[in-house]
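First the proteins, then the strands, lettered A, B, ... as listed; each starts at 1. Keep in mind the model is a prediction, meaning the values are calculated, not measured.
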2 protein chains.
Amino acid sequence: MKNRLKVERAEQSLSQADLADRIGVSRQTINSIEAGRYVPSTILALKLAQVFGKPVEYIFMLEETD
Amino acid sequence: MKNRLKVERAEQSLSQADLADRIGVSRQTINSIEAGRYVPSTILALKLAQVFGKPVEYIFMLEETD
DNA sequence: CCATATTGTAAAACAAACTTTACATTCTAA
DNA sequence: TTAGAATGTAAAGTTTGTTTTACAATATGG
């Protein structure tokens, strides 16, 4: 699964730490999701989408391998 | 987190097993998600939303406690 | 009513998410 | 050019998702 976190974060000038604080997770969680090291829970995805004011589907996209 | 899986499934006359097959998980995974016993991964949420042709946000909704 | 499909659970085992700590690297602004 | 902020990553540990197996309860169609 791919995601647009880094881009969305850049558009809002939010650091990984800022974003992490906003949704109540650790900075490493954000970093790891951006790096594709793991797939977040749906709760996280909904919160992230909410922060950016965009649909979950716009921020996270399935790949063939999923 | 709440979800509309049971309702969507009913509208399409899909059994838990059918749905599980469609997205490649076990029946108990579907059952447990419907029962609120756990929160699926974002990959699962995207696949479920895809099966029902509706946005993730329509099928899964955050609660205060999330 | 009876057979069969569907659903609800539960336990054990494994995989993956997430936290905390820690440190090295890269960016950025003064 | 140097200090501080931001990023990348890693290891160990905890929590949570997911599978498999299994069985009981409930629904449904003939």
Q. Do B:R37 side-chain and C:dG8 base share a donor-acceptor contact under 3.5 Å?
A. no

(Q) Using whole Å, what does the distance between atom P of nucleotide C:dA15 and atom CD1 of B:I43 come to? (A) 17 Å

Q) Does OP1 or OP2 of C:dT7 have a side-chain N or O of B:N31 closer than 4.0 Å? A) no

Q. Does A:Q28 get its side chain close enough to the base of C:dT21, under 3.5 Å, for a donor-acceptor pair?
A. yes

Q: Nearest-nucleotide wise, let me know which of A:L44 and B:E34 is further upstream toward the 5' end of DNA chain C.
A: B:E34

Q) Under 3.5 Å, is there a donor-acceptor pair between the B:S26 and B:T29 side chains? A) yes

Q. A:D21 has an atom CG; how far is it from atom C1' of C:dT20, in whole Å?
A. 15 Å

Q) Charged N to carboxylate O under 4.0 angstrom, A:K6 versus A:E11? A) no

Q. Quick one: is A:S41 getting a side-chain N or O under 4.0 Å of the D:dT16 phosphate, OP1 or OP2?
A. no

Q.
What's the closest nucleotide to the side chain of A:V25 if the choices are C:dG8, C:dT19, D:dT9?
A. C:dT19

Q) Among C:dT20, D:dA6, D:dT9, which nucleotide sits nearest the side chain of A:S26? A) C:dT20

Q | B:I30 CD1 to D:dG17 P, straight-line distance once rounded to whole Å | A | 14 Å

(Q) Looking at B:R27 and B:Q16, would you say the former's side chain and the latter's main chain have a donor-acceptor pair under 3.5 Å? (A) no

Q. Closest to the B:R9 side chain: D:dT7, C:dT7, D:dT19?
A. C:dT7

**Q.** Side-chain heavy-atom pair B:L48, B:L19 within 4.5 angstrom cut-off
**A.** yes

(Q) The side chain of A:Y38 is closest to which nucleotide in this list: C:dC18, D:dT9, D:dT18? (A) C:dC18

(Q) Side-chain N or O of A:K6 versus OP1/OP2 of D:dG8: is the shortest distance under 4.0 Å? (A) yes

Q: Measure the distance from CG on A:D66 to C1' on D:dG17 and round it to the nearest whole Å.
A: 16 Å

